[in-house]
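Here, residue 1 is the first one in the sequence, and each next residue gets the next number.
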Amino acid sequence: GVVQASASEVPAEVGLVGIRADMLMTVGQLEALLRRLQNEQPLVLVQTLAVNAEQARLTGQAEPMEVRLEVTAAYDLATAQ
């Protein structure tokens, strides 16, 4: 699984919910996460994807990367209760 993660809500337009996740993960884990976001419900819009692979560059080895992902998804308060 993901080595480390934190999540928080981010501002979004009315009818949307926004989430920011900061994670430490491998390339394979990132690929799997993006595949799930693309193919599963609910549909989400990736607002930000930032990857820092500096440690891998420095060591020349496949090290976990720092990943920040911000997504938004439609949210209907009436059906959520």
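- Separation of atoms CG (Leu34) and CG (Asn39) is listed at 10.5 Å; rounding is to 0.5 Å.
- The distance from the CG atom of Leu24 to the CE atom of Met65 is 9.0 Å, given to the nearest 0.5 Å.
- Annotation: salt bridge (charged side-chain N to carboxylate O under 4.0 Å, His left out) contacts involving residues 32-42, sequence neighbours excluded, comprise Arg36-Glu40.
- Here Glu54 pairs with Arg57 under the salt bridge (Lys or Arg N to Asp or Glu O under 4.0 Å) rule; sequence neighbours left out.
- The line from CG of Leu69 to CG of Leu30 is 8.5 Å long, rounded to the nearest 0.5 Å.
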Donor-acceptor pairs under 3.5 Å, side chain of residues 8-22 to any protein atom, not counting sequence neighbours: which ones?
| unit_1 | atom_1 | unit_2 | atom_2 | d |
| --- | --- | --- | --- | --- |
| Arg20 | NE | Glu70 | OE2 | 2.8 |
| Arg20 | NH2 | Glu70 | OE2 | 3.2 |
| Asp22 | OD1 | Arg68 | NE | 2.6 |
| Asp22 | OD1 | Arg68 | NH2 | 3.3 |
| Asp22 | OD2 | Arg68 | NH2 | 3.1 |

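- With hydrophobic clusters built from ILVMFWY side chains whose heavy atoms lie under 4.5 angstrom apart, Leu45 does not share a cluster with Leu37.
- Put simply, CG on Leu33 and CD on Glu31 are 11.0 Å apart, with the number rounded to the nearest 0.5 Å.
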